[in-house]
Structure formats: structure tokens, C-alpha cells
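To start, the structure under review is shown below, and the notes come after it.
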Amino acid sequence: MSLKFFNTRTRETEPFEPIEPGKVGLYTCGPTVYHFAHIGNLRTYLFEDLLRRALSMAGYKVKHVMNITDVGHLTSDADEGEDKMEAGAAREGRDVWEIAGFYAKAFQEDLKALRVMPPTLWCKATDHIPEQVELVRTLWDKGFAYAAEDGVYYDVSRFPRYGDFARKDLQGQEAGARVALPGGKRNREDFALWKFSPRDKRRLMEWDSPWGRGFPGWHLECSAMSLKYLGDHFDIHCGGVDHIPVHHTNEIAQTEAATGRSPWVNVWMHGEFLVVDKGKMSKSSGEFLTLSAVVEKGYSPLDYRYLCLGAHYRAPLAFRFESLDQARAGRRNLMEKLKGLDQVRALPVAEAKKLPSWTRFWECVEDDLNAPRALAQVWELAKDRDMDPAQKAGLLKLMDHCLGLDLLLPEPEKEQAPLSPAEQDLLDGRAAAKAARDFARADALRRELESRGILLKDTPQGTQWSRKR
RNA sequence: GGUGGCGUACCCAAGUGGUCUAAGGGGACGGUCUGCAAAACCGUUAUUCAUGGGUUCAAAUCCCAUCGCCACCUCCA
């Protein structure tokens with residue numbers, strides 16, 4: 001058995017082989033912290049978390065690096081618009097640094113709520129300015145960079161493999177372009193390595209460089225930081241599918257040009273989008289749903305995690321509240337079936353891994369992280385009423401390590417507001433009516449209670465009540 | 001306009017040449033239980049995979065056409 005992943009670089013599903021036995025270097029593109037993450041963004045981090053967990057469970061020691069981009073991400077790839085961070089600050093009338101800190105923290109809290117394991121190492125773009133300047137210098141010295149009006153640019157024509165990763169047909173695109181390139185750019189695809197600060201305006205985030213005062217271009221931080229922490233050849237690099245044509249293409253171009261080494265990264269993996277109605281969720285289109293908004297509507301972050309696990313990471317997932325309702329119902333039903341197993345002394349991991357049920361589960365995970373099928377295996381197990389509880393608990397513990405749904409950690413019962421005197425009267429009245437076998441009256445009282453949000457359940461131990469969730 | 005992808009039951013969704021008369025979940029319906037319910041349990045719910053052709057001993061899976069939808073080529077996970 002071995003892990004197989006779909007590699008964007010080769011467009012094939014291949015057995016995973018680490019560069020160094022037993023170890024994996026993993027870089028996942030983190031957020032630009034100019035706004036809250038929406039649940040579409042978060043889907044990608046959930047996919048990466050599944051990958052991370054699968055690698056760990058396969059026995060690899062994973063060094064996982066994730067960036068926080070807090071500077072240099074422009075509102076347009078044409079390198080025209082503003083820096084998103086500065087734009088975010090202007091929008092909210094706050095300091096850029098404040099904005100960065102605030103949204104980075106919010107992001108990390110979202111991940112925590114979703115049970116996404118934190119990376120081995122977080123790194124911030126603004127903490128690595130010298131490394132980025134150094135990288136520009138290397139590219140400059142090697143002749144891959146040139147100065148234009150508003151910054152230092154990467155010359156894609158110097159890197160023949162430029163379009164390969166995204167399978168872009170540059171010839172075709174250039175032929176159709178016919179637009180004058182602004183500001184002295186040599187090629188349409190050239191991107192900024194270093195942007196100069198505007199003459200008339202003082203930025204809060206700017207640094208000196210040999211080419212002029214300014215700030216690093218987006219793309220650069222991921223190259224500089226992954227080079228620093230994972231080296232010029234590492235195992236896996238992830239992100240959303242949207243990163244294939246621009247961000248990752250540019251990262252590869254600048255990194256491989258600088259190091260002269262290819263491939264820089266063996267396996268590239270990309271998560272598909274969460275789509276809303278007929279389109280993707282995006283920060284600009286107004287369809288913007290944060291995790292906290294979902295929680296405020298009464299869902300658990302794990303309901304969303306469960307929803308995402310129900311679809312393969314490489315397939316678009318249609319989001320609707322109806323789907324989320326279904327996920328919530330499914331997760332609750334599953335938890336209900338597993339109730340009490342947390343009290344059981346579970347079979348040790350080594351033993352549980354020998355059971356066929358585990359093998360079936362793990363085969364799904366190994367097959368390019370097929371979470372939907374893995375989840376189906378969890379259900380098969382949960383429904384098995386003949387299995388020894390110790391085995392069952394051991395297996396579920398293992399599976400949950402992989403899925404991160406806290407299956408054996410029941411959510412604390414919500415504090416229920418005690419019955420009001422009026423409600424208590426109704427309850428007592430029904431009990432009396434029931435005892436007198438006046439069922440019509442008993443049912444009427446139950447309906448009355450239900451309309452107040454109280455559900456009754458008659459058990460051999462008497463009537464239990466609960467407030468509607 | 002160019003490029004890539006998708007279309008599986010009421011809903012979400014797996015499966016990408018034979019084990020598929022298509023996994024799993026949600027929902028619905030029927031049954032057991034109950035005074036009746038709820039919960040639980042049992043069962044039912046696609047001979048069919050957008051449509052029409054074709055290739056093959058064999059197709060949801062490959063090819064072609066048609067229709068519908070989406071993404072990228074502006075920013076985006």
C-alpha cells in the first residue's frame with residue numbers, strides 16, 4: 001500500500017515518493033490577510049489538512065510551512081491596482097499592520113475551529129524582506145529581472161518553460177493581446193518582483209532595496225520563504241486551483257530561475273472551488289460567507305468540515321445551506337451511533353491497524369485522498385452492531401485521526417434553559433392527563449409545548465424534554 | 001472569442017472499460033416499538049449514469065455530435 005496523489009505538474013496520479021525517506025516537506029499557500037477568509041477559502045485548508053494528516057498517518061515526519069501574506073498582493077496581476085493590504089486598511093480606516101494582525105488571527109481561529117492542524121511553521125512575508133530582496137538580487141544578477149517605471153519585473157521570455165506548468169499557450173495569447181504594455185513591461189506575462197513606492201504617497205509598509213524604496217511583489221514571499229525553510233527541492237506544494245495559472249506559475253519561474261534547479265517541487269496539489277449557486281464564492285462578487293456567519297446560523301464548524309469531506313478535493317463542491325443542513329444531520333446521526341464509544345477502552349493502534357475495516361478505510365485515503373469513500377467506510381463501521389466495542393473504538397479513533405471530525409469526542413451538551421413555571425405547568429398537566437388516559441388533552445398540551453420549542457420523549461424512565469436545536 | 005472542466009436518484013455526492021442490475025449520507029415512504037408520538041431498529045427508494053450516434057465481446061466510464069452549466073484568459077482558495 002502506498003499513497004497516490006494527483007500531481008498538477010504531470011497531470012497524473014502517481015505513487016508518492018519522498019525525497020528523503022520518512023520525511024515530507026510540505027508548503028501550503030496561506031492567506032493574504034486583508035479580509036476574513038470565506039468558507040470557500042477554508043475548503044482548501046481543509047483539503048490540505050487531510051493531506052497533512054494522511055502523510056502523518058502513513059508514517060512520515062511532516063515539516064509543514066504556511067505563509068501569511070501581509071504585503072505586496074496587488075488588486076490586479078497586471079501590477080496596476082493597489083496593494084490589497086493598503087486597500088484593506090483604507091477601507092477600514094485602520095493601520096495596515098493592525099489589519100494584518102487582526103485578519104491573521106481571525107484566520108488562525110477559523111482553522112482551529114475546523115480542527116485544521118496548525119503548520120509546523122508559520123511565516124509572514126514582512127518578516128522575510130531581506131530574503132526576498134536577496135532573491136530579487138539573484139534573479140537580477142542572472143539576467144531574469146529588469147527595471148520598469150514602477151518596479152523590478154521578471155522577464156518571462158528568459159524562462160522558456162514559463163507556460164508549461166499551467167499548460168498555457170503563450171504564443172496564442174500574445175498574438176491576441178495587441179495591447180501596449182504599460183510602464184515599460186517587456187512581456188504581457190511579466191510580473192513584479194519589487195514594486196516602487198509611489199512618489200506622492202508614503203506607504204506604511206515599505207523597505208529599502210538596491211533598486212529603490214518599495215515593497216516585494218506577490219509570489220515572491222512564497223518562493224523566498226519556502227526556499228528558506230524547505231530548500232531548493234522539496235516534496236509537496238499546495239493551493240487552490242486558481243493558483244495554477246498565475247501564482248504558482250510565477251513562483252516556479254522565479255525560483256527555478258534563481259536556483260537553476262528543476263523541478264523545485266516534486267508534487268503540486270490543488271484543491272477545487274466551493275461553488276455557490278452557479279458560480280464560485282469570491283471576495284469581490286459579494287457571495288462572501290465567513291465561518292463565523294455559519295456558526296451564528298447555528299452550525300458547528302465541524303458540520304462544514306463534514307460537508308467538505310463528503311466531496312473529493314479535486315471536484316467542485318456546490319454549497320447551499322440545504323447541503324449544510326444535510327451535513328449537519330449526517331454528522332449528528334453518525335455521532336449518535338457512536339455514542340458511548342468514548343467510554344470504551346479502545347484497541348491499541350497497532351492492533352486496530354491490522355483489522356480489515358482499517359485497511360478498507362486506508363485504501364480510500366491512499367487513493368488520492370478519497371474522503372467521500374473513506375467516510376462511507378466510517379459509516380459501515382458505525383452501523384456494524386456485532387463488532388466488539390474495543391475494536392470499534394480503536395478503529396474509529398484511528399479513522400478520526402485522519403478525518404479530524406472529533407467522532408469520539410462528543411460535543412458538550414448545550415446548556416438547556418430550565419423550564420419556566422408556565423412550561424412546567426404544561427408538562428405536569430400533560431403527565432396528569434396521560435395518567436388519566438385523556439390522550440386528546442395530553443396531545444394538545446404536547447403540541448402547546450412544541451410550539452414553545454420544547455420536544456417531549458416518553459421513555460420507560462418517564463418523560464424527558466429538550467429544547468429544539 | 002480562446003482554453004480547460006463538468007452534467008450520476010428528490011438533494012449532496014463516490015465511482016472513469018468487466019467485481020456497477022452504480023458507494024455513502026440527507027430526505028421521503030413502509031414496518032417494529034408506542035395510547036399516539038419522538039428516539040431507536042428493520043426495509044423500500046437510479047436495470048440506470050444530460051441527449052443522440054459510434055468503438056468494443058463488454059461503456060456511467062473511450063470517441064464524435066448536440067444541449068445545458070462552470071472555471072480560467074482581470075482579482076480570487
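Here is the naming used below: chain letters follow the sequence lines, and residue numbers restart at 1 for every chain.
Across the C1' atoms, B:G24 and B:A14 are found 8 Å apart, a figure rounded to whole Å. Nucleotides B:U16 and B:G7, compared at atom C1', are 14 Å apart to the nearest Å. A distance of about 14 Å separates the C1' atoms of B:A23 and B:A60, rounded to the whole Å. The gap from the P atom of B:C62 to that of B:G18 amounts to 11 Å, rounded to the nearest Å. Separating the P atom of B:G35 from that of B:C20 is a span of 44 Å, rounded to the nearest Å. Taking atom C1' in both B:C33 and B:C42, one finds a spacing of 11 Å when rounded to whole Å. A distance of about 15 Å separates the P atoms of B:A50 and B:A59, rounded to the whole Å. A gap of 11 Å separates the C1' atoms of B:A22 and B:A9, to the nearest Å.
Looking at the side chain of A:K383, the nearest of the listed nucleotides B:G25, B:C73, B:A13 is B:G25. Candidate nucleotides B:U74, B:A77, B:A14 were compared by shortest atom distance to the side chain of A:D242, and B:A77 ranks first. Of the candidates B:C41, B:G25, B:A77, B:A77 carries the atom nearest the A:H38 side chain, counting heavy atoms from C-beta on.
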Polar-atom pairs under 3.5 Å, protein N or O versus N or O of nucleotides 35-37 of chain B: list them with distances, or write none.
{"residue": "B:G35", "atom": "O6", "partner": "A:R430", "partner atom": "NH2", "Å": "3.3"}
{"residue": "B:G35", "atom": "N1", "partner": "A:D443", "partner atom": "OD1", "Å": "3.1"}
{"residue": "B:G35", "atom": "N2", "partner": "A:D443", "partner atom": "OD1", "Å": "3.3"}
{"residue": "B:G35", "atom": "N2", "partner": "A:D443", "partner atom": "OD2", "Å": "2.6"}
{"residue": "B:C36", "atom": "O2", "partner": "A:R446", "partner atom": "NH2", "Å": "2.5"}
{"residue": "B:C36", "atom": "N3", "partner": "A:R446", "partner atom": "NH1", "Å": "3.4"}
{"residue": "B:C36", "atom": "N3", "partner": "A:R446", "partner atom": "NH2", "Å": "3.4"}
{"residue": "B:C36", "atom": "N4", "partner": "A:D458", "partner atom": "OD2", "Å": "3.0"}
{"residue": "B:A37", "atom": "N6", "partner": "A:D458", "partner atom": "O", "Å": "3.0"}
{"residue": "B:A37", "atom": "N1", "partner": "A:D458", "partner atom": "N", "Å": "2.9"}
{"residue": "B:A37", "atom": "N3", "partner": "A:R446", "partner atom": "NH1", "Å": "3.1"}

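Between A:G271 and A:A315, the residue anchored closer to the 5' end of RNA chain B is A:A315, taking for each the nucleotide with the nearest heavy atom. When the nearest nucleotides of RNA chain B are assigned to A:P316 and A:R43 by heavy-atom distance, the more 5′-ward of the two goes with A:P316.
Rounded to whole Å, the distance from CZ on A:R373 to C1' on B:A22 is 13 Å. Atom C1' of nucleotide B:U3 and atom CZ of A:R11 are separated by 12 Å, given to the nearest angstrom. B:A14 atom P lies 18 Å from atom CD of A:E380, rounded to whole Å. As rounded to whole Å, 12 Å separates atom P of B:A40 from atom CZ of A:R332. The nearest whole Å value for the distance from the CZ atom in A:R360 to the P atom in B:A23 is 16 Å. Atom NZ of A:K339 is separated from atom P of B:A39 by 13 Å (rounded to the nearest Å). Distance, A:L324 CG to B:G25 P: 19 Å, rounded to whole Å. Between A:F165 atom CZ and B:G4 atom P there is a gap of 17 Å when expressed in whole angstrom units.
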> Given the rule in the side chain to side chain contact (heavy atoms under 4.5 Å, CB included) test, do A:L111 and A:L42 qualify, once you have shown the distances and angles that lead to the verdict?
Replying inline: CA-CA 8 Å; A:L111 294 193; A:L42 294 170; 4.1 Å; yes
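Ring orientation note: the planes of A:W218 and A:H73 are close to parallel, at an angle under 30° on the 30°/60° scale. Ring geometry, A:W268 versus A:H237: the interplanar angle falls under 30°, so the pair is classed parallel (tilted spans 30 to 60°). By the 30° and 60° cut-offs, the orientation of the rings of A:F319 relative to A:Y304 is perpendicular. By the 30° and 60° cut-offs, the orientation of the rings of A:H248 relative to A:H270 is tilted.
Using a 4.0 Å heavy-atom cutoff across all strands shown, A:F47 reaches no nucleic acid atom at all. Counting any heavy atom pair closer than 4.0 Å across all strands shown, A:H312 reaches sugar-phosphate atoms only and no base atom.
Salt-bridge formation is detected for the pair A:K434/A:D458: a Lys NZ or Arg NE/NH1/NH2 atom is positioned less than 4.0 Å from an Asp or Glu carboxylate oxygen. A salt bridge links A:K105 to A:E109: one of the charged nitrogens lies within less than 4.0 Å of a carboxylate oxygen. Under the 4.0 Å criterion applied to side-chain N and carboxylate O atoms, A:K397 and A:D400 are not assigned as salt-bridge partners. Salt-bridge annotation for A:D155 and A:R186: present, with a side-chain N of the basic residue lying under 4.0 Å from a carboxylate O of the acidic one. Salt-bridge annotation for A:R446 and A:D443: present, with a side-chain N of the basic residue lying under 4.0 Å from a carboxylate O of the acidic one.
Partner A:H219 forms a ring-ring contact (aromatic ring centres under 6.0 Å, His included) with one of A:Y153, A:F191, A:W194 and no other, that one being A:F191.
Interatomic distance, A:R447 CZ to A:L456 CG, rounded to the nearest 0.5 Å: 12.0 Å. Note that CG of A:L403 is 11.0 Å distant from CD of A:Q377, once rounded to the nearest 0.5 Å.
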> RNA chain B in dot-bracket, Watson-Crick or G-U pairs under 3.5 Å, [ ] crossing, | other strand?
Replying inline: ((((((((.[[[..)..(.....]]]((((((.......))))))....[[[[[..)....]]]]])))))))....
> Which letter, B, S or -, goes with each nucleotide of nucleotides 26-34 of chain B from 5' to 3', with contact meaning a protein heavy atom under 4.0 Å?
Replying inline: S--------
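OP1 or OP2 of B:A13 has not a single side-chain nitrogen or oxygen of A:R320 nearer than 4.0 Å.
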